[in-house]
There are 2 protein chains.
Amino acid sequence: MRPTVHDIAAAAGVSLATVDRVLNQRPGVRLVTREKVEEAIRQIGYIRDVAAANLAKGRVYPLVFIVPTGDNSFMHGLRSEVHHATLRAGMERTDIRIVEVPAFDVSALVAALDGLQGQDVAGVALVATDAPEVRAAVDRLVSERIPVVTLVSDLTDSTRHHYAGIDNIAAGRTAARLLGRFLGGREGDLTVLAGSMLVRDHRERLQGFSAVMAEEFPKLRLLPVLEGRDDPERTRSLVSKALSENKDIIGIYSLGAGNRGLIAALKAVRPERELTVVVHELTQHTRTALVDGTIDAVLNQDAGHEVRSAIRVMKATADGQAVIADQERIRLDIFLKDNLP
Amino acid sequence: MRPTVHDIAAAAGVSLATVDRVLNQRPGVRLVTREKVEEAIRQIGYIRDVAAANLAKGRVYPLVFIVPTGDNSFMHGLRSEVHHATLRAGMERTDIRIVEVPAFDVSALVAALDGLQGQDVAGVALVATDAPEVRAAVDRLVSERIPVVTLVSDLTDSTRHHYAGIDNIAAGRTAARLLGRFLGGREGDLTVLAGSMLVRDHRERLQGFSAVMAEEFPKLRLLPVLEGRDDPERTRSLVSKALSENKDIIGIYSLGAGNRGLIAALKAVRPERELTVVVHELTQHTRTALVDGTIDAVLNQDAGHEVRSAIRVMKATADGQAVIADQERIRLDIFLKDNLP
DNA sequence: CCGTTTCTGATGTACGTAAATCAAAAATTT
DNA sequence: AAATTTTTGATTTACGTACATCAGAAACGG
């Protein structure tokens with residue numbers, strides 16, 4: 001049987017009350033006694049029964065998710081995953097609030113973050129726009145001992161506790177290698193399509209992509225990045241224009257959202273133009289396009305995993321518990337038409 | 001606040017004891033009363049607090065993992081993941097026992113399964129060898145109301161509750177497309193290397209691989225399958241022989257374990273022979289080979305996820321609870337040298 | 001209407017921890 | 001050594017559920 005507080009008390013030769021004071025860092029214990037108890041805890045290998053503790057505490061975790069508004073499927077999916085999590089709230093002792101802010105809007109994000117100051121919040125998860133003001137606002141929350149997790153896109157040099165998202169440099173590198181090898185030594189131009197260089201995930205994907213292209217596929221030339229702001233309509237017109245103006249384009253890497261527009265533009269020039277296309281985020285649209293051959297590979301991050309992981313990490317951090325790093329690593333999914341879920 | 005048994009009692013106008021009898025299907029409740037209580041439960045949306053219930057019950061889940069012995073890294077890793085799970089046993093109220101049986105040995109597996117009959121076991125996870133005798137033994141356990149989960153390799157037509165592993169047909173198809181596209185329209189022979197056609201996962205991978213090759217890459221010819229029995233030394237000699245006898249081999253798909261031997265054979269013919277190679281299972285050896293360019297892609301299943309998922313499913317099944325299908329789907333990881341974890 | 005069976009209520013204990021109270025002991029200061 | 005402060009012990013209640021016991025009520029058979 002697993003040891004309990006009673007066993008510690010017996011082992012340390014103190015009372016239950018004292019053990020409780022040590023375990024919950026309450027005042028009123030002499031240093032020597034505290035050390036005696038801590039030694040006993042280590043000796044007999046006590047681990048707190050979190051379930052029992054939460055039961056006794058009647059603990060609930062009020063969590064806040066700050067997600068961008070926006071018409072694209074990925075953010076839609078993300079919001080829907082957070083919503084799903086609210087439905088499981090009862091079972092998990094969480095109380096999740098969703099705050100929506102306009103995409104790429106630094107001051108709105110900062111306002112949302114600052115609005116949480118002083119509120120009863122056990123953790124905050126946000127899709128970060130990578131700006132100094134946001135970093136400062138996050139750091140303010142952290143200094144108030146509120147667990148903060150960045151979701152999908154990370155924040156440079158901030159003190160956030162955790163990042164629940166993929167390694168975007170690796171994602172960009174992977175996209176480059178896939179595109180490069182699929183093109184099999186051909187020569188031509190490549191178009192890169194991004195949402196906004198304001199978010200770190202997009203910058204990093206481009207960085208990884210460019211690096212591998214330069215190192216290993218010198219025959220492929222990168223054209224200037226098109227910024228579609230994750231908006232389908234804008235994306236569509238940018239791509240159409242680029243394709244009609246440059247007949248040497250043989251490949252496209254779309255590293256942001258809004259792929260509905262890209263796919264529409266591609267369909268408009270098919271089957272005359274033969275293009276190898278790698279995009280991010282598996283949605284209804286990209287899935288269909290992958291199956292019908294309009295695109296060749298989809299890189300994906302599982303929003304459901306990211307949300308669940310963020311919740312686990314916020315709870316663990318709030319309790320001062322360690323997280324199982326391996327379990328919280330968000331993986332880059334590569335989908336070809338054969339391994340769709 | 002979440003409703004409790006007290007709330008049901010009040011709502012249904014009965015006593016706590018009666019609610020308890022209904023909830024835990026104990027006898028001594030008239031049908032009308034039972035229905036009244038069940039209605040109240042639905043009305044106020046009661047959900048049992050599993051943590052509190054387990055606490056009260058002092059429940060522990062004695063689980064058994066049956067895994068093959070064998071020298072290869074994958075099974076090593078799997079056993080080590082199960083072992084890790086035993087370390088978390090205290091926190092998760094599990095009591096995990098590991099039973100090792102010789103690989104591909106049907107009667108040993110059956111004996112191990114039958115040995116569990118009548119024992120106090122809350123769940124069994126096994127790496128199945130796909131034979132009728134094994135299926136029968138599994139069905140015997142299932143009919144004794146013991147949750148059974150197949151791990152890594154599934155069992156045809158059995159009544160097992162769950163399969164914690166990847167879709168191997170999809171894996172084979174994915175390997176074929178990667179290999180086919182990486183070879184970029186070239187013509188030549190392909191060698192397929194398997195462990196044993198006795199296990200369903202290997203058969204299915206081959207099936208998926210052959211299908212896509214036939215459909216989409218007619219210029220690539222499949223040579224007869226080499227069976228390495230997941231043994232590094234045997235694999236090495238098979239591959240060396242094949243490569244020296246046939247100079248038209250331009251690609252290799254290794255769908256089993258024992259890749260240490262394959263890699264050794266490849267290094268022996270490099271850099272003269274240019275080969276595109278896709279293998280299964282990320283291990284220390286395949287990782288190194290991927291980085292140094294000896295192999296081009298690794299398909300992987302995360303043994304840690306599989307083990308953790310199997311545990312969750314066995315517990316949930318033992319409690320008659322539903323599993324979150326989406327969370328338990330084991331994904332096929334595709335690793336290129338750029339997205340290694 | 002009585003006796004018997006079947007159902008229901010009331011109550012208590014337990015699980016492992018948290019948190020509070022009050023008394024007693026020990027340490028510290030004066 | 002007395003007064004004061006700090007530390008410790010003992011005890012109780014609570015969290016939500018499980019499970020057992022016993023008494024009482026309702027239903028049923030004759």
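We name chains A, B, ... by the order of the sequence lines, and we start the count at 1 in each one.
Applying the salt bridge (charged side-chain N to carboxylate O under 4.0 Å, His left out) test to B/Asp139 and every residue at least two apart in sequence or in another chain returns B/Arg135. Considering only residues two or more places apart in sequence or on other chains, B/Arg26 meets the side chain to side chain donor-acceptor pair (under 3.5 Å) condition with B/Asp20. Not a single salt bridge (charged side-chain N to carboxylate O under 4.0 Å, His left out) links A/Glu35 to another residue, sequence neighbours left out.
For the salt bridge (Lys or Arg N to Asp or Glu O under 4.0 Å) condition, the pairs that include at least one residue of residues 304-318 of chain B, sequence neighbours left out, are B/Arg312-B/Glu328. The stretch residues 6-16 of chain A participates, sequence neighbours left out, in no salt bridge (Lys or Arg N to Asp or Glu O under 4.0 Å) pair at all.
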Pull out every protein N or O sitting under 3.5 Å from an N or O of nucleotides 26-29 of chain D, one pair per line with the distance.
none

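Straight-line distance from the CD atom of B/Gln321 to the P atom of D/dT17: 13 Å, rounded to whole Å.
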Contact state string [nucleotides 13-24 of chain C, B base, S sugar-phosphate only, - no protein heavy atom under 4.0 Å]: --BBBSB-B---

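Phosphate contact (OP1/OP2 of C/dG9, side-chain N/O of B/Thr18, threshold under 4.0 Å): present.
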Check residues 74-84 of chain A and write down every donor-acceptor pair under 3.5 Å in which the side-chain atom is one partner and the other belongs to a residue at least two apart or another chain.
unit_1  : atom_1 : unit_2  : atom_2 : d
A/Arg79 : NH1    : A/Pro68 : O      : 2.9
A/Arg79 : NH2    : A/Gly70 : O      : 3.3
A/His84 : ND1    : A/Ser80 : O      : 3.3

Got a list of side-chain donor-acceptor pairs under 3.5 Å for residues 91-102 of chain B, not counting sequence neighbours?
unit_1  : atom_1 : unit_2   : atom_2 : d
B/Glu92 : OE2    : B/Arg88  : NE     : 3.4
B/Arg93 : NE     : B/Arg59  : O      : 3.3
B/Arg93 : NH1    : A/Asp49  : OD2    : 3.2
B/Arg97 : NH2    : B/Gln119 : OE1    : 3.1

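By the 4.5 Å heavy-atom criterion applied to side chains, A/Val138 and A/Leu126 are counted as neighbours.
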